[in-house]
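For reference, the structure is listed below as C-alpha coordinates.
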Number of protein chains: 2
Amino acid sequence: MQRTQSAVQYTEEEEALGRIAKALGHPVRVRILKLLLSESCCFTGQLTDFIPMAQSTVSQHLKVLLDSGLIQGEINPPKVRYCINRENWVKAEGLLKVFFVSPVHDRCECG
Amino acid sequence: MQRTQSAVQYTEEEEALGRIAKALGHPVRVRILKLLLSESCCFTGQLTDFIPMAQSTVSQHLKVLLDSGLIQGEINPPKVRYCINRENWVKAEGLLKVFFVSPVHDRCECG
DNA sequence: GTTTTCTATCGTATATTTACGATGAACTAA
DNA sequence: TTAGTTCATCGTAAATATACGATAGAAAAC
(Lines give C-alpha, C1' and ligand atoms only; values in the text may rest on other atoms or scores of the structure.)
Protein backbone atom coordinates (compact mmCIF):
# COMPACT_ATOMS: atom_id res chain seq x y z
CA MET A 1 0.00 0.00 0.00
CA GLN A 2 1.28 3.39 -0.83
CA ARG A 3 0.97 5.76 2.05
CA THR A 4 2.38 8.78 0.33
CA GLN A 5 -0.39 11.07 1.42
CA SER A 6 -2.67 9.29 3.84
CA ALA A 7 -1.85 8.51 7.49
CA VAL A 8 -5.47 8.79 8.48
CA GLN A 9 -6.12 9.13 12.19
CA TYR A 10 -8.83 6.91 13.55
CA THR A 11 -10.60 7.09 16.86
CA GLU A 12 -10.13 4.46 19.53
CA GLU A 13 -13.58 3.13 18.78
CA GLU A 14 -12.95 2.88 15.06
CA GLU A 15 -9.70 1.04 15.68
CA ALA A 16 -11.15 -1.27 18.29
CA LEU A 17 -14.21 -2.19 16.28
CA GLY A 18 -12.08 -2.69 13.20
CA ARG A 19 -9.75 -5.02 15.06
CA ILE A 20 -12.50 -7.12 16.56
CA ALA A 21 -14.40 -7.34 13.31
CA LYS A 22 -11.30 -8.28 11.41
CA ALA A 23 -10.65 -11.13 13.81
CA LEU A 24 -14.22 -12.34 13.27
CA GLY A 25 -13.91 -11.84 9.55
CA HIS A 26 -13.28 -15.42 8.51
CA PRO A 27 -15.79 -18.23 8.82
CA VAL A 28 -13.30 -20.62 10.29
CA ARG A 29 -12.57 -18.20 13.09
CA VAL A 30 -16.27 -17.88 13.74
CA ARG A 31 -16.37 -21.64 14.03
CA ILE A 32 -13.43 -21.72 16.40
CA LEU A 33 -15.10 -19.16 18.64
CA LYS A 34 -18.35 -21.11 18.59
CA LEU A 35 -16.48 -24.20 19.63
CA LEU A 36 -14.83 -22.34 22.46
CA LEU A 37 -18.24 -20.97 23.45
CA SER A 38 -19.77 -24.41 23.46
CA GLU A 39 -20.46 -26.43 26.55
CA SER A 40 -16.91 -27.65 26.59
CA CYS A 41 -15.85 -24.09 27.10
CA CYS A 42 -12.17 -24.82 26.82
CA PHE A 43 -10.41 -26.87 24.29
CA THR A 44 -7.18 -28.69 24.26
CA GLY A 45 -6.26 -30.22 21.04
CA GLN A 46 -9.51 -31.53 19.67
CA LEU A 47 -10.10 -28.32 17.78
CA THR A 48 -8.60 -29.75 14.65
CA ASP A 49 -11.09 -32.60 14.79
CA PHE A 50 -13.83 -30.10 14.00
CA ILE A 51 -11.91 -28.18 11.38
CA PRO A 52 -10.75 -30.00 8.29
CA MET A 53 -7.68 -27.91 7.72
CA ALA A 54 -4.00 -28.38 8.15
CA GLN A 55 -2.95 -28.11 11.76
CA SER A 56 -0.61 -25.27 10.92
CA THR A 57 -3.45 -23.30 9.38
CA VAL A 58 -5.65 -23.74 12.42
CA SER A 59 -2.77 -22.63 14.55
CA GLN A 60 -2.43 -19.52 12.42
CA HIS A 61 -6.10 -18.67 12.86
CA LEU A 62 -5.78 -19.22 16.59
CA LYS A 63 -2.95 -16.73 16.60
CA VAL A 64 -5.14 -14.14 14.91
CA LEU A 65 -7.78 -14.65 17.58
CA LEU A 66 -5.16 -14.52 20.32
CA ASP A 67 -3.79 -11.25 18.96
CA SER A 68 -7.29 -9.79 18.87
CA GLY A 69 -7.63 -10.56 22.57
CA LEU A 70 -10.86 -12.46 22.08
CA ILE A 71 -9.32 -15.69 23.27
CA GLN A 72 -6.49 -16.72 25.51
CA GLY A 73 -4.27 -19.76 25.58
CA GLU A 74 -2.91 -21.46 28.59
CA ILE A 75 0.14 -23.53 27.88
CA ASN A 76 -0.10 -26.92 29.49
CA PRO A 77 2.48 -28.96 27.67
CA PRO A 78 2.28 -30.73 25.49
CA LYS A 79 -1.20 -29.29 25.16
CA VAL A 80 -2.57 -25.77 25.11
CA ARG A 81 -5.94 -24.90 26.52
CA TYR A 82 -7.74 -22.22 24.56
CA CYS A 83 -10.58 -20.26 26.10
CA ILE A 84 -12.62 -17.21 25.44
CA ASN A 85 -11.12 -14.21 27.17
CA ARG A 86 -14.16 -13.18 29.14
CA GLU A 87 -13.09 -9.63 29.85
CA ASN A 88 -12.36 -8.79 26.25
CA TRP A 89 -15.35 -10.73 25.08
CA VAL A 90 -17.64 -8.54 27.12
CA LYS A 91 -15.84 -5.45 25.88
CA ALA A 92 -16.30 -6.55 22.29
CA GLU A 93 -19.95 -7.29 22.91
CA GLY A 94 -20.40 -3.83 24.35
CA LEU A 95 -18.68 -2.09 21.49
CA LEU A 96 -20.73 -3.92 18.92
CA LYS A 97 -23.95 -3.41 20.80
CA VAL A 98 -23.44 0.33 21.05
CA PHE A 99 -22.51 0.46 17.43
CA PHE A 100 -25.45 -1.50 16.13
CA VAL A 101 -28.06 -0.22 18.48
CA SER A 102 -27.53 3.39 17.50
CA PRO A 103 -30.80 3.24 15.68
CA VAL A 104 -31.30 3.64 12.02
CA HIS A 105 -33.50 6.69 11.98
CA ASP A 106 -37.14 5.85 11.63
CA ARG A 107 -37.91 9.20 10.17
CA CYS A 108 -35.34 8.77 7.45
CA GLU A 109 -37.22 8.40 4.24
CA CYS A 110 -34.48 6.64 2.36
CA GLY A 111 -34.75 2.89 2.20
CA MET B 1 -4.02 -19.83 -1.52
CA GLN B 2 -3.54 -23.46 -2.23
CA ARG B 3 -6.71 -25.39 -1.98
CA THR B 4 -5.32 -28.77 -2.80
CA GLN B 5 -6.97 -30.51 0.09
CA SER B 6 -9.33 -28.14 1.85
CA ALA B 7 -12.74 -26.98 0.52
CA VAL B 8 -14.10 -26.62 4.02
CA GLN B 9 -17.87 -26.41 4.28
CA TYR B 10 -19.13 -23.65 6.52
CA THR B 11 -22.59 -23.18 7.93
CA GLU B 12 -24.80 -20.31 6.83
CA GLU B 13 -24.19 -18.60 10.13
CA GLU B 14 -20.45 -18.93 9.90
CA GLU B 15 -20.47 -17.50 6.41
CA ALA B 16 -22.86 -14.69 7.23
CA LEU B 17 -21.02 -13.61 10.36
CA GLY B 18 -17.73 -13.83 8.55
CA ARG B 19 -19.01 -11.64 5.75
CA ILE B 20 -20.44 -8.99 8.02
CA ALA B 21 -17.38 -8.92 10.23
CA LYS B 22 -15.10 -8.70 7.26
CA ALA B 23 -16.97 -5.67 5.98
CA LEU B 24 -16.60 -4.06 9.40
CA GLY B 25 -12.98 -5.07 9.57
CA HIS B 26 -11.40 -1.78 8.61
CA PRO B 27 -11.53 1.39 10.70
CA VAL B 28 -12.42 3.57 7.75
CA ARG B 29 -15.46 1.45 7.03
CA VAL B 30 -16.48 1.73 10.64
CA ARG B 31 -16.26 5.48 10.23
CA ILE B 32 -18.31 5.44 7.06
CA LEU B 33 -21.02 3.45 8.79
CA LYS B 34 -21.00 5.80 11.74
CA LEU B 35 -21.42 8.72 9.39
CA LEU B 36 -24.32 7.01 7.69
CA LEU B 37 -25.79 6.27 11.11
CA SER B 38 -25.48 9.86 12.19
CA GLU B 39 -28.32 12.31 12.26
CA SER B 40 -27.84 13.01 8.59
CA CYS B 41 -28.82 9.41 7.95
CA CYS B 42 -28.07 9.57 4.27
CA PHE B 43 -25.16 11.05 2.51
CA THR B 44 -24.60 12.43 -0.88
CA GLY B 45 -21.11 13.44 -1.62
CA GLN B 46 -19.80 14.93 1.56
CA LEU B 47 -18.46 11.60 2.73
CA THR B 48 -15.01 12.40 1.45
CA ASP B 49 -15.00 15.57 3.52
CA PHE B 50 -14.83 13.43 6.62
CA ILE B 51 -12.33 10.94 5.30
CA PRO B 52 -8.90 12.16 4.27
CA MET B 53 -8.34 9.60 1.58
CA ALA B 54 -8.34 9.59 -2.16
CA GLN B 55 -11.84 9.65 -3.57
CA SER B 56 -11.19 6.43 -5.42
CA THR B 57 -10.21 4.70 -2.20
CA VAL B 58 -13.35 5.82 -0.42
CA SER B 59 -15.35 4.58 -3.36
CA GLN B 60 -13.63 1.23 -3.06
CA HIS B 61 -14.54 0.96 0.62
CA LEU B 62 -18.10 1.92 -0.18
CA LYS B 63 -18.20 -0.93 -2.65
CA VAL B 64 -17.11 -3.36 0.03
CA LEU B 65 -19.92 -2.15 2.27
CA LEU B 66 -22.39 -2.33 -0.59
CA ASP B 67 -21.38 -5.89 -1.36
CA SER B 68 -21.82 -6.83 2.27
CA GLY B 69 -25.40 -5.57 2.10
CA LEU B 70 -24.96 -3.30 5.10
CA ILE B 71 -25.52 -0.21 3.02
CA GLN B 72 -27.34 0.65 -0.14
CA GLY B 73 -26.76 3.32 -2.73
CA GLU B 74 -29.38 5.15 -4.65
CA ILE B 75 -28.07 6.62 -7.83
CA ASN B 76 -29.22 10.17 -8.25
CA PRO B 77 -26.80 11.58 -10.79
CA PRO B 78 -24.47 13.13 -10.58
CA LYS B 79 -24.68 12.15 -6.94
CA VAL B 80 -25.30 8.92 -5.13
CA ARG B 81 -27.13 8.73 -1.87
CA TYR B 82 -25.75 6.10 0.48
CA CYS B 83 -27.81 4.81 3.35
CA ILE B 84 -27.76 2.02 5.85
CA ASN B 85 -29.75 -0.93 4.56
CA ARG B 86 -32.12 -1.25 7.44
CA GLU B 87 -33.24 -4.79 6.77
CA ASN B 88 -29.73 -6.17 6.57
CA TRP B 89 -28.59 -3.99 9.42
CA VAL B 90 -31.13 -5.55 11.71
CA LYS B 91 -30.18 -9.00 10.48
CA ALA B 92 -26.54 -8.30 11.21
CA GLU B 93 -27.39 -6.96 14.63
CA GLY B 94 -29.35 -10.11 15.35
CA LEU B 95 -26.62 -12.44 14.20
CA LEU B 96 -24.02 -10.67 16.29
CA LYS B 97 -26.25 -10.50 19.30
CA VAL B 98 -26.98 -14.21 19.23
CA PHE B 99 -23.33 -14.92 18.75
CA PHE B 100 -22.06 -12.76 21.56
CA VAL B 101 -24.79 -13.36 24.02
CA SER B 102 -24.29 -17.10 24.05
CA PRO B 103 -22.79 -16.69 27.45
CA VAL B 104 -19.28 -17.48 28.40
CA HIS B 105 -19.89 -20.17 30.97
CA ASP B 106 -19.75 -18.89 34.48
CA ARG B 107 -18.88 -22.25 35.84
CA CYS B 108 -15.90 -22.55 33.58
CA GLU B 109 -12.85 -22.37 35.73
CA CYS B 110 -10.49 -21.24 33.01
CA GLY B 111 -9.82 -17.54 32.81
C1' DG C 1 -22.03 23.27 -26.68
C1' DT C 2 -18.78 23.66 -22.83
C1' DT C 3 -17.59 23.30 -18.28
C1' DT C 4 -18.26 21.74 -13.70
C1' DT C 5 -19.44 18.33 -10.29
C1' DC C 6 -19.76 13.85 -8.52
C1' DT C 7 -18.62 9.25 -8.56
C1' DA C 8 -17.14 4.63 -10.53
C1' DT C 9 -13.67 2.11 -12.67
C1' DC C 10 -9.05 1.04 -14.52
C1' DG C 11 -4.27 0.25 -13.97
C1' DT C 12 -0.76 -0.34 -10.81
C1' DA C 13 2.08 -1.12 -6.68
C1' DT C 14 2.58 -2.97 -2.26
C1' DA C 15 0.95 -5.26 2.00
C1' DT C 16 -1.62 -8.67 4.16
C1' DT C 17 -4.14 -12.91 4.41
C1' DT C 18 -4.72 -17.58 3.72
C1' DA C 19 -3.18 -22.06 2.97
C1' DC C 20 0.06 -25.91 2.80
C1' DG C 21 3.95 -29.08 4.16
C1' DA C 22 8.09 -29.49 6.80
C1' DT C 23 10.44 -28.83 10.80
C1' DG C 24 11.35 -27.85 15.62
C1' DA C 25 10.48 -27.47 20.61
C1' DA C 26 8.67 -29.43 24.76
C1' DC C 27 6.71 -32.60 27.49
C1' DT C 28 4.96 -37.83 28.12
C1' DA C 29 5.06 -42.55 27.83
C1' DA C 30 7.44 -46.66 26.76
C1' DT D 1 17.03 -43.29 25.66
C1' DT D 2 13.63 -43.58 22.25
C1' DA D 3 9.36 -42.83 20.37
C1' DG D 4 4.99 -40.41 20.39
C1' DT D 5 1.96 -36.33 21.06
C1' DT D 6 0.87 -31.56 20.67
C1' DC D 7 1.44 -27.33 18.94
C1' DA D 8 4.13 -23.20 17.02
C1' DT D 9 6.93 -21.49 13.56
C1' DC D 10 9.33 -21.32 9.08
C1' DG D 11 9.32 -21.16 4.21
C1' DT D 12 6.59 -20.67 0.35
C1' DA D 13 2.88 -19.78 -2.97
C1' DA D 14 -1.21 -17.70 -4.39
C1' DA D 15 -5.25 -14.78 -3.51
C1' DT D 16 -7.11 -10.52 -1.53
C1' DA D 17 -6.99 -6.11 0.29
C1' DT D 18 -5.53 -1.44 0.36
C1' DA D 19 -4.09 2.72 -1.60
C1' DC D 20 -3.09 5.99 -5.26
C1' DG D 21 -3.55 8.74 -9.64
C1' DA D 22 -5.71 8.92 -14.03
C1' DT D 23 -9.59 8.47 -16.64
C1' DA D 24 -14.42 8.01 -17.98
C1' DG D 25 -19.41 8.79 -17.71
C1' DA D 26 -23.54 11.26 -16.68
C1' DA D 27 -26.23 14.91 -15.30
C1' DA D 28 -26.29 20.00 -13.96
C1' DA D 29 -24.92 24.73 -14.60
C1' DC D 30 -23.35 28.12 -17.54
Side-chain angles (χ1 to χ4, degrees), chain A residues 1-10 14-15 18-32 35-36 42-68 71-83, chain B residues 1-10 14-15 18-32 35-36 40 42-68 70-83:
Chain A
M1 290 167 268
Q2 301 159 258
R3 295 189 177 273
T4 34
Q5 185 206 107
S6 72
V8 181
Q9 285 300 318
Y10 299 109
E14 285 162 357
E15 296 266 16
R19 259 198 312 277
I20 293 163
K22 196 166 190 180
L24 280 170
H26 191 295
V28 83
R29 291 199 289 268
V30 174
R31 178 175 299 182
I32 290 172
L35 287 169
L36 294 186
C42 296
F43 264 84
T44 45
Q46 321 94 310
L47 264 177
T48 42
D49 296 349
F50 296 87
I51 301 168
M53 278 180 158
Q55 177 266 325
S56 58
T57 305
V58 174
S59 191
Q60 222 168 359
H61 283 294
L62 284 168
K63 186 162 166 38
V64 172
L65 289 171
L66 277 173
D67 290 345
S68 77
I71 70 172
Q72 63 195 72
E74 184 188 314
I75 296 169
N76 203 350
K79 301 193 177 184
V80 177
R81 188 170 61 176
Y82 285 107
C83 314
Chain B
M1 286 170 273
Q2 302 158 258
R3 294 187 178 275
T4 35
Q5 184 208 107
S6 72
V8 181
Q9 285 300 318
Y10 299 109
E14 285 161 356
E15 297 265 17
R19 258 197 313 277
I20 294 163
K22 199 167 189 179
L24 280 170
H26 191 294
V28 84
R29 292 199 288 268
V30 173
R31 178 175 300 182
I32 290 172
L35 287 168
L36 294 186
S40 330
C42 296
F43 264 84
T44 45
Q46 322 93 310
L47 263 178
T48 41
D49 297 348
F50 296 88
I51 301 167
M53 277 178 159
Q55 177 267 327
S56 58
T57 306
V58 174
S59 191
Q60 222 167 1
H61 283 294
L62 283 167
K63 187 162 165 38
V64 172
L65 289 171
L66 277 173
D67 290 345
S68 78
L70 287 174
I71 70 172
Q72 62 194 74
E74 184 187 313
I75 295 168
N76 204 351
K79 301 192 178 185
V80 177
R81 188 170 62 176
Y82 285 107
C83 316

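All figures in this text were calculated on a predicted structure; none of them were measured in a lab. Proteins get letters first, then strands, A, B, ... in listed order; numbering begins at 1 in each.
- Checked against dA17(D), dT9(C), dT18(D), the side chain of H61(B) finds its nearest nucleotide in dT18(D).
- Taking atom OH on Y10(A) and atom P on dT18(D), their separation rounds to 10 Å, with Å as the unit.
- Applying the 4.0 Å criterion to OP1 and OP2 of dA26(C), one finds that K79(A) has every side-chain N and O outside that range.
- Shortest non-hydrogen contact noted between T48(B) and Q55(B) is CG2-CA, 4.2 Å.
- Atom CZ in R31(A) sits 10.0 Å away from atom CZ in F50(A) (nearest 0.5 Å).
- Checked against dG21(C), dT18(C), dA19(D), the side chain of A54(A) finds its nearest nucleotide in dG21(C).
- Distance from the side chain of T57(B) is smallest for dA19(D) among the nucleotides dA19(D), dA22(C), dT18(C).
- Rounded to an integer number of Å, the gap from CG of L24(B) to P of dT18(D) is 12 Å.
- Nucleotide dA17(D) holds its P atom 16 Å from the CG atom of L62(B), rounded to whole Å.
- Checked against dT16(D), dC20(C), dT9(C), the side chain of K22(B) finds its nearest nucleotide in dT16(D).
- When side chains are defined from C-beta on, V8(A) does not count as touching I51(B), because their heavy atoms never get closer than 4.5 Å.
- Put simply, CG on L24(A) and CD1 on I20(B) are 10.5 Å apart, with the number rounded to the nearest 0.5 Å.
- Of the two residues contacting DNA chain C, namely Q55(A) and H26(A), the nearest-nucleotide position lying further toward the 5' end is that of H26(A).
- L47(B) places a side-chain heavy atom less than 4.5 Å from the side chain of L62(B).
- Spacing between atom CD1 of I32(A) and atom P of dC7(D) amounts to 13 Å, rounded to whole angstrom units.
- With distances taken from any side-chain atom of R29(A) to the nucleotides dT9(D), dT18(C), dT9(C), the minimum falls on dT18(C).
- With dT18(C), dA19(C), dA22(C) as the candidates, the nucleotide lying closest to the side chain of M53(A) is dA19(C).
- For I51(A) and dC7(D), the CD1 to C1' distance is 14 Å, given to the nearest whole Å.
- In this structure, the CD atom of Q60(A) is 14 Å from the C1' atom of dA15(D), given to the nearest Å.
- In this structure, Q72(A) places its CD atom 16 Å from P of dC7(D), rounding to the nearest Å.
- Rounded to whole Å, the distance from NZ on K63(B) to C1' on dT16(D) is 14 Å.
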